[in-house]
Amino acid sequence: MSMTQEAQPWQAPEHDKPVEQVEGYNFAYLDEQTKRMIRRAILKGVAIPGYQVPFGSREMPLPYGWGTGGMQVTAAVIGENDTLKVIDQGADDTTNAVNIRRFFAKTAGVATTEKTSDASLIQTRHRIPEKPLTDDQILIYQVPIPEPLRWVEPRETETRKMHALEEYGVMHVSLYESIARFGRITTAYNYPVQVNGRYIMAPSPIPKFDNPKMHQMAALQLFGAGREKRIYAVPPYTDVKSLDFEDHPFTIQSWEENCALCGADDSYLDEVITDDAGGKMYVCSDSDYCAERREAGHVGDQGEPQTPAQKGAAE
Amino acid sequence: MMALRDNGPLLEVEGLTQKYGHQIGCEDVHFSLYPGEVLGIVGESGSGKSTLLRCASGLMQPTAGTVRFDTRVDGLQDIYALSEAERRMLMRTDWGIIFQNARDGLRMNVSAGANVGERLMAVGERHYGSIRDVSSEWLEKVEMDLGRMDDLPRTFSGGMQQRLQIARNLVTKPRLVFMDEPTSGLDVSVQARLLDLVRGLVRQLGIACIIVTHDLGVVRLLSDRLMVMRRGRVVEQGLTDQVLDDPQHAYTQLLVSSILPV
Ligand SMILES: [Zn+2]
């Protein structure tokens with residue numbers, strides 16, 4: 001099969017049509033033995049929240065950096081009754097997201113969706129959906145660099161020892177450096193967290209805006225790093241605390257603007273350049289969240305009313 | 001000031017032996033160190049003094065013998081019988097190690113202030129302002145320019161890097177500090193000022209110290225007691241002035257008369 005097909009134009013969120021499973025592949029591409037091996041790593045990860053479990057990462061028909069770790073985790077947990085959503089930078093319509101979704105539609109014959117609430121499995125790169133997840137959902141993160149201590153210690157043997165002995169002073173050293181240089185903690189993505197009061201964990205390059213969503217999340221959170229061959233997990237309803245100082249507490253990004261399309265004041269906004277003259281607007285990065293709000297009748301400064309009632313009111 | 005000996009030894013080394021295959025690093029070394037006392041260990045290169053320092057400071061498990069430290073909570077404990085977590089915690093709170101090469105003792109990719117503050121953060125200090133204040137105090141105590149607090153260690157001179165190592169180690173108020181050739185490689189005038197600083201700090205703070213050096217001038221200035229090592233064994237020990245002014249062992253006599261290149 002080809003992974004280089006063009007992305008389909010984005011449409012209003014609805015269930016993708018189920019695609020017939022392609023013959024000649026094992027269910028969800030990986031062989032059963034590999035899936036069992038990955039499941040064992042996942043179970044160990046769930047048992048030790050935030051602990052990086054090594055696993056025998058397999059080749060996937062995508063280059064590293066395109067989410068092969070997340071795909072292997074998805075392949076290991078997906079069942080034929082699952083409904084899969086794939087997010088890339090908050091959107092469901094990027095080439096990467098479309099390809100991964102189509103890959104599992106073809107190899108596992110599962111239904112896919114762009115709606116957060118309809119998905120049982122969500123594989124993501126760079127975002128957590130705005131809509132709170134539920135305890136019958138699983139969120140699977142694609143992780144490029146799983147080791148939060150790597151910046152200070154290149155040796156794997158030493159970082160493993162630091163985790164084992166809970167020698168985490170250096171994590172605050174990096175935050176200290178940021179405050180000393182810039183007056184505040186400037187880390188905006190992949191902001192380190194402590195899981196269940198024990199392991200320090202890299203949440204993958206999600207914006208720190210999303211960190212609070214990880215705390216006590218109802219859904220199971222799984223993390224897969226393909227190139228680095230690591231899997232880790234946060235079980236449902238687990239404490240996830242962003243590191244900080246008492247006098248420089250953790251804060252999330254905020255915007256003066258609301259979403260220009262749906263008017264949301266509680267979502268992560270992307271800056272979109274609208275013309276050559278430097279015009280710009282801010283819109284929800286979570287495209288499903290934005291669309292759902294607009295369908296429900298919310299309108300931002302530059303949004304078009306979508307329901308007849310709204311239209312009438314605007315005229 | 002002589003060390004008070006009412007409270008028993010701070011460190012007790014017994015039968016310490018380290019072999020590398022058939023080669024002997026050090027053999028059957030015994031000594032006790034009391035709170036606030038400064039012990040100098042001198043010898044030529046290859047005499048076993050550095051091996052002894054590594055074994056006594058928790059960096060290398062000896063082939064035989066014990067190293068016992070008077071821990072704050074549980075009294076005298078064999079440091080190699082502690083769990084690795086306990087030993088490493090001890091090493092970064094109640095102990096300090098000043099390395100000959102600052103690169104071994106400093107984080108070169110973070111600022112001077114962070115280097116000093118790291119131990120505080122490692123033991124759970126989570127107030128940036130307090131960490132900053134305490135780090136500043138220590139940089140002042142080692143006579144460093146506070147204007148350079150946010151600079152990286154690689155931008156400092158050799159003497160300043162050693163001062164930074166000292167501040168980084170003393171910030172948790174350790175009771176025992178190991179120094180491995182702390183002034184070697186520095187200009188003579190820089191050495192002299194650094195030695196003055198170290199002498200002032202250990203006396204003022206009552207820190208016990210073990211200094212390994214090939215430089216008799218260093219131990220003459222700093223140490224209360226002296227151990228002379230040769231081929232892995234201690235050949236003579238006693239009060240520093242006694243050993244240097246009236247050496248008993250033929251080897252010490254050679255050392256003192258500077259016949260041997262030390
Ligand atoms: Zn919106």
Side-chain angles (χ1 to χ4, degrees), chain A residues 48 50-51 145 147-187 191-200 208 211 239-251, chain B residues 58-59 79 82-93 95-96 103-136 138-139 144 146-155 164 167-169 171-172:
Chain A
I48 317 171
Y51 172 77
I145 299 170
E147 180 50 75
L149 299 167
R150 186 63 69 228
W151 71 277
V152 72
E153 180 52 67
R155 289 169 300 175
E156 179 67 22
T157 51
E158 188 62 19
T159 52
R160 291 184 80 76
K161 186 171 285 184
M162 291 163 83
H163 282 294
L165 301 180
E166 255 183 285
E167 289 184 1
Y168 289 142
V170 292
M171 294 307 299
H172 277 85
V173 168
S174 80
L175 301 182
Y176 169 100
E177 282 295 84
S178 185
I179 301 170
R181 257 180 236 171
F182 307 107
R184 64 193 175 86
I185 299 170
T186 52
T187 306
Y191 191 107
V193 295
Q194 185 161 38
V195 180
N196 200 28
R198 178 58 180 87
Y199 284 95
I200 300 285
K208 65 177 181 174
N211 276 24
D239 284 347
V240 177
K241 186 182 183 308
S242 302
L243 304 184
D244 62 1
F245 288 106
E246 289 158 15
D247 49 341
H248 285 268
F250 173 79
T251 56
Chain B
L59 293 174
I79 63 163
L82 297 174
S83 70
E84 188 173 21
E86 292 170 320
R87 186 166 58 251
R88 282 168 70 126
M89 177 57 96
L90 182 71
M91 288 170 70
R92 63 171 184 263
T93 53
W95 290 14
R103 278 169 199 284
D104 296 329
L106 294 176
R107 283 196 195 282
M108 301 305 277
N109 60 344
V110 301
S111 68
N115 265 283
V116 179
E118 178 175 344
R119 277 179 166 226
L120 300 173
M121 294 181 245
V123 296
E125 176 58 70
R126 292 290 177 266
H127 192 281
Y128 173 82
S130 316
I131 294 165
R132 190 107 181 135
D133 289 347
V134 175
S135 296
S136 308
W138 278 99
L139 290 173
M144 289 184 68
L146 279 189
R148 305 212 44 199
M149 186 171 183
D150 298 328
D151 294 349
L152 295 178
R154 73 170 66 93
T155 65
L164 187 55
R168 172 177 163 87
N169 277 276
V171 69
T172 49

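Just the heavy atoms: all of them, side chains too, but no hydrogens, waters or symmetry mates, feed the values below. Convention: sequence-line order gives letters A, B, ...; per-chain numbering from 1.
- For the atom pair A/E177 CD and B/N109 CG, the distance stands at 8.0 Å (nearest 0.5 Å).
- B/R88 contributes atom CZ, which lies 7.5 Å from atom CE of A/M162 (distance to the nearest 0.5 angstrom).
- Counting all heavy atoms, side chain and backbone alike, B/R107 lies closest to A/V152 at NH1-CG2, 3.1 Å.
- Between A/H248 and B/Y128, the two ring planes are perpendicular [angle over 60°; tilted spans 30° to 60°].
- Residue A/Y168 does not touch chain B at all, counting heavy-atom pairs closer than 4.5 Å.
- Pairs of residues two or more places apart, or lying in two chains, that qualify as salt bridge (charged side-chain N to carboxylate O under 4.0 Å, His left out) and include a residue from residues 121-133 of chain B are B/R132-B/D150.
- Between chain A and the options B/M149, B/H127, B/R119, heavy-atom pairs under 4.5 Å are most frequent for B/H127.
- Annotation: side chain of B/V110 is not in contact with side chain of A/Y176 (no heavy-atom distance under 4.5 Å).
- For the options A/L175, A/V170, A/I179, heavy-atom pairs under 4.5 Å to chain B are most numerous at A/I179.
- Residue A/I145 places its CD1 atom among 12 or fewer non-hydrogen atoms of other residues, nucleotides or ligands, all under 6.0 Å distant.
- Heavy atoms only, all atoms of each residue included: B/G129 and A/D247 are closest at N-OD2, 2.7 Å.
- In this structure, B/R103 places its CZ atom where only 12 or fewer heavy-atom neighbours from other residues, nucleotides or ligands lie under 6.0 Å away.
- Applying the side chain to side chain donor-acceptor pair (under 3.5 Å) test to B/D104 and every residue at least two apart in sequence or in another chain returns nothing.
- No donor-acceptor pair under 3.5 Å is formed between the side chain of B/E118 and the backbone N or O of A/G169.
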